[in-house]
Q: 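Sharing a structure, written as C-alpha cells. Questions coming.
Indexing begins at 1, ligand by ligand and atom by atom, following the structure's order.
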Amino acid sequence: MWRRYPPVLSPVSTRALVHGIGAAIGLRRDSHAAVAAILRHRYGATDALLTDSGTSALILALQKMLPRGGTVAYPAYACIDITAAAVATGVRVRLYDLDPATMSPDLDSVRAALRRGADAIVVAHLYGYPADMAGVRKLAAEQGIPVIEDAAQGAGGTLNGERLGSLGEVAILSFGRGKGTTAGKGGAVLVRTPALAQWTRRAVSDLKPASRGGVTILSLAAQRVLSHPSLYRLPSSIPGLRLGEMVYHAPHTPRAMSGASAGVLRWTLGLEEREVAGRRERARDVLSHMHDVPNVAPVRPISGAEPGFLRLAFLDSDGTRLSHPDLGALRGYPMTLDEHPQLRALLLPGERAGKGSQFLRDRLFTVPTHSRVDQAFFAGLAEWLMAQRTELRGIVALS
Ligand SMILES: Cc1ncc(COP(=O)(O)O)c(C=O)c1O
C-alpha cells in the first residue's frame with residue numbers, strides 16, 4: 001500500500017499559520033502575553049514561562065528546583081529528552097520503575113529511590129496516560145522534596161477531572177510538532193506558587209532572546225501538507241529526517257519561545273478540546289475491535305484517569321507486533337534510561353532500570369489516534385493484528 005499514516009499529528013489551522021508567518025516577518029503583534037494568559041487560565045497556574053522547547057522548560061525547572069549538583073529521581077523509561085535536560089543541568093540521577101500495565105510510577109520503587117536520596121522527582125505522563133501524581137506527591141512530601149510534573153506528553157489528559165500539567169507545583173509542557181497542540185516548537189514552565197511566579201518573572205528576562213521562528217513556520221506548513229496519508233510516505237522515506245525514531249538532541253541554553261511559535265500557539269490552543277475529544281473517540285473505536293487478539297493487552301489507565309491518547313498504547317506479550325510503519329504503529333522507546341550513553345556519567349552508582357521499565361522497552365507498542373486516522377486505518381490495523389494471530393495459530397499447530 002502507498003498510504004502511510006504519520007505516527008503523530010497536531011492540527012494547525014490556516015489562521016494559525018498566517019499569524020505565525022506574520023509574527024516571523026514582523027507584521028503581527030507579539031502573542032506571548034495572550035498565550036501565557038490562556039495557559040495560566042487553562043492550567044490554574046500563577047505564571048507561565050514560554051520557552052523554545054519542552055526540553056528547555058525542563059532544564060529551567062531542574063535549575064530552579066534543585067540545588068547545584070543536586071540529585072533528581074527520574075522514571076527509568078521515558079523520552080530521551082529528559083536525559084538531555086539532565087545533561088544540560090549536570091544533576092545526578094536516580095531511577096524509579098514504572099508499572100508496565102499502566103505506565104504509571106511503581107510507588108514502592110519511588111519510595112525506595114527517594115529513600116536513597118533525591119532533591120526532587122520528575123513524573124512524566126507518557127502518550128497522554130496520566131501518571132499517579134497524588135501517590136508520588138505523598139511520598140515526595142514525606143521526604144520534603146518537590147515534584148516536577150512533566151506534562152510534555154499530557155495531551156489534554158485528566159486525572160480525577162484535573163488537567164495534566166496542573167498537578168505539580170511546577171509543571172512543564174511541550175508544543176513540539178507531535179504533541180497534539182503545537183507551536184511548531186516550544187514549551188512552557190507552569191508554576192503554582194507566588195514565590196515561583198516571582199522567579200518566572202525574573203527568569204523571562206534572563207532567557208536567551210528568541211529566534212524569529214521562520215524555519216519553524218516553514219516546516220510546520222510543509223508538515224501540514226505532507227502528513228496526509230497519501231503523501232506521508234515521501235518525507236518518511238528521507239533517512240535524514242529520522243521521522244518516528246528516538247533521536248538524542250544535545251541540549252542548548254534555553255531560549256524564549258519565538259514570536260512565530262507564539263503566534264501559531266495562540267490559535268492552535270483553541271483546537272485542543274476538539275482534537276482531544278476526537279482522539280478519545282478513535283481510541284475507543286480501536287479498543288472496541290480488540291477483544292479477541294491474543295497476547296495483546298491495552299495499557300490500562302489508572303483509576304480516575306482519562307487519557308488524552310496522544311497515542312494508544314498496547315503491550316504485546318510475545319513481542320511480535322511491535323511495529324507496522326505504514327500504520328504509524330511503532331514500538332515504544334527502545335532503551336531504558338540507564339542505557340542512554342549520554343546519561344551514564346550522571347547516573348548514581350547502582351541505579352538500574354527495574355523490570356517494569358525493561359518490560360515496556362521490550363513489549364510496548366503504540367498506534368496513532370489523530371484526525372487522519374480513518375476507516376482504511378482501522379481495517380489495516382485489524383488485518384495486521386489478525387494476520388499475526390493466524391501466523392501464531394500456525395506456529396501452535398506445527399509445534
Ligand atoms: C516526557 C517528555 N519530556 C520532555 C520532552 C521535551 O519536549 P521538546 O521536544 O519540546 O523539547 C518530551 C518530548 O518528546 C517528552 O516526551
Side-chain angles (χ1 to χ4, degrees), residues 7-10 39 49-62 72-89 91 93 95-96 98 103-105 121-131 133 147-155 157 164-165 167-168 170-190 210-211 213 216 219-220 223 242-258 261-262 264-265 268 307-308 310-311 313 330 332-337 340 342-343 357 360 364 366:
V8 279
L9 182 84
S10 315
L39 293 179
L49 174 63
L50 305 182
T51 59
D52 62 336
S53 71
T55 308
S56 290
L58 185 55
I59 291 171
L60 292 168
L62 291 173
V72 67
Y74 261 4
Y77 186 76
C79 171
I80 196 163
D81 292 326
I82 75 169
T83 284
V87 169
T89 40
V91 291
V93 177
L95 298 177
Y96 64 84
L98 301 184
M103 297 192 295
S104 181
I121 179 166
V122 170
V123 176
H125 310 288
L126 296 180
Y127 305 107
Y129 287 69
M133 279 293 291
V147 180
I148 300 172
E149 182 185 13
D150 182 340
Q153 298 186 30
L164 305 185
L167 307 170
V170 179
I172 68 121
L173 305 176
S174 166
F175 301 108
R177 284 207 302 269
K179 297 303 195 307
T181 300
T182 192
K185 269 171 80 168
V189 186
L190 304 174
S211 70
T216 304
S219 67
L220 203 54
Q223 178 217 286
R242 304 186 69 181
L243 295 175
E245 285 179 40
M246 186 185 90
V247 181
Y248 179 75
H249 299 286
H252 55 259
T253 309
R255 284 174 173 268
M257 183 181 284
S258 72
S261 289
V264 169
L265 189 56
T268 52
L310 187 57
R311 293 173 59 74
L330 301 178
Y333 305 116
M335 289 183 210
T336 50
L337 259 76
H340 296 169
Q342 300 83 359
L343 197 63
S357 300
L360 287 168
L364 178 71
T366 58

Q: Using a heavy-atom cut-off of under 4.0 Å, does the side chain or the backbone of L58 touch ligand 1, or both, or neither?
A: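 It is neither; nothing of L58 touches ligand 1.
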Q: Would you say the side-chain atoms of S261 pair up with the backbone N or O of A183, donor to acceptor, closer than 3.5 Å?
A: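 Present.
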Q: Looking at atom 11 (O) of ligand 1, what's its closest protein heavy atom, distance included?
A: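 The closest one turns out to be T55 OG1, 2.6 Å.
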Q: Could you tell me whether Q153 and ligand 1 have an N or O pair separated by under 3.5 Å?
A: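 Checking ligand 1 against Q153, an N or O pair does fall under 3.5 Å apart.
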Q: Select the closest option to atom 12 (C) of ligand 1 among D81, L126, V8, I80, judged by heavy-atom distance.
A: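 The option holding the nearest heavy atom is D81.
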Q: To which protein heavy atom is atom 14 (O) of ligand 1 closest, and what is the distance rounded to 0.1 Å?
A: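 Closest protein heavy atom to atom 14 (O) of ligand 1: K179 NZ, 2.9 Å.
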Q: For L343 and V93, run side-chain contact (heavy atoms from CB on, under 4.5 Å): C-alpha distance rounded to whole Å, both residues' side-chain angles, the deciding distance at 0.1 Å, then the answer.
A: CA-CA 8 Å; L343 197 63; V93 177; 4.0 Å; yes
Q: Side chain, backbone, both or neither: which part of H249 has a heavy atom under 4.0 Å from ligand 1?
A: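 Answer for H249: neither.
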Q: Quick one: closest heavy-atom pair of M257 and G186, and the distance?
A: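 Looks like CE-CA, 4.1 Å.
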Q: Examine G54 against ligand 1 and note whether any of their N/O atoms are separated by less than 3.5 Å.
A: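 Between G54 and ligand 1, an N or O pair is found under 3.5 Å apart.
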Q: Answer side chain, backbone, both or neither: which part of D150 comes under 4.0 Å from ligand 1, heavy atoms only.
A: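 Side chain only.
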Q: With heavy-atom distances below 4.5 Å as the criterion, would you say the side chains of I59 and P251 are in contact?
A: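 Contact flag for I59/P251 side chains = yes.
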Q: Is the closest heavy-atom distance from K185 to ligand 1 below 4.0 Å?
A: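 Outside the 4.0 Å threshold, so no.
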Q: Please verify the inter-ring angle class for Y127 with Y333; under 30° counts as parallel, over 60° as perpendicular, anything in between as tilted.
A: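 Ring orientation of Y127 relative to Y333: parallel.
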Q: Check L190 against G165 and note the closest heavy-atom contact, atom names and distance.
A: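 Closest approach of L190 to G165, heavy atoms only: CD1-O, 3.5 Å.
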Q: Should you measure from each heavy atom of I82, which atoms of ligand 1 turn up under 4.0 Å away?
A: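 Listed by number with element, the hits are 3 (N).
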Q: Show which atoms of ligand 1 fall inside a sub-4.0 Å distance from at least one heavy-atom site of A152.
A: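 Matching atoms, with element in brackets: 2 (C), 3 (N), 4 (C), 5 (C), 12 (C), 15 (C).
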Q: Numbering the atoms of ligand 1 from 1, which are under 4.0 Å from a heavy atom of S53?
A: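 Answer, ordered by atom number: 10 (O), 11 (O).
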Q: Report the C-alpha distance between I82 and L337 in whole Å, list the side-chain angles of each, state the deciding distance to 0.1 Å, and finish with yes or no for side-chain contact (heavy atoms from CB on, under 4.5 Å).
A: CA-CA 9 Å; I82 75 169; L337 259 76; 3.9 Å; yes
Q: Can you name the nearest heavy-atom pair linking A313 to M103, along with the distance?
A: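 Closest approach of A313 to M103, heavy atoms only: CB-CE, 3.9 Å.
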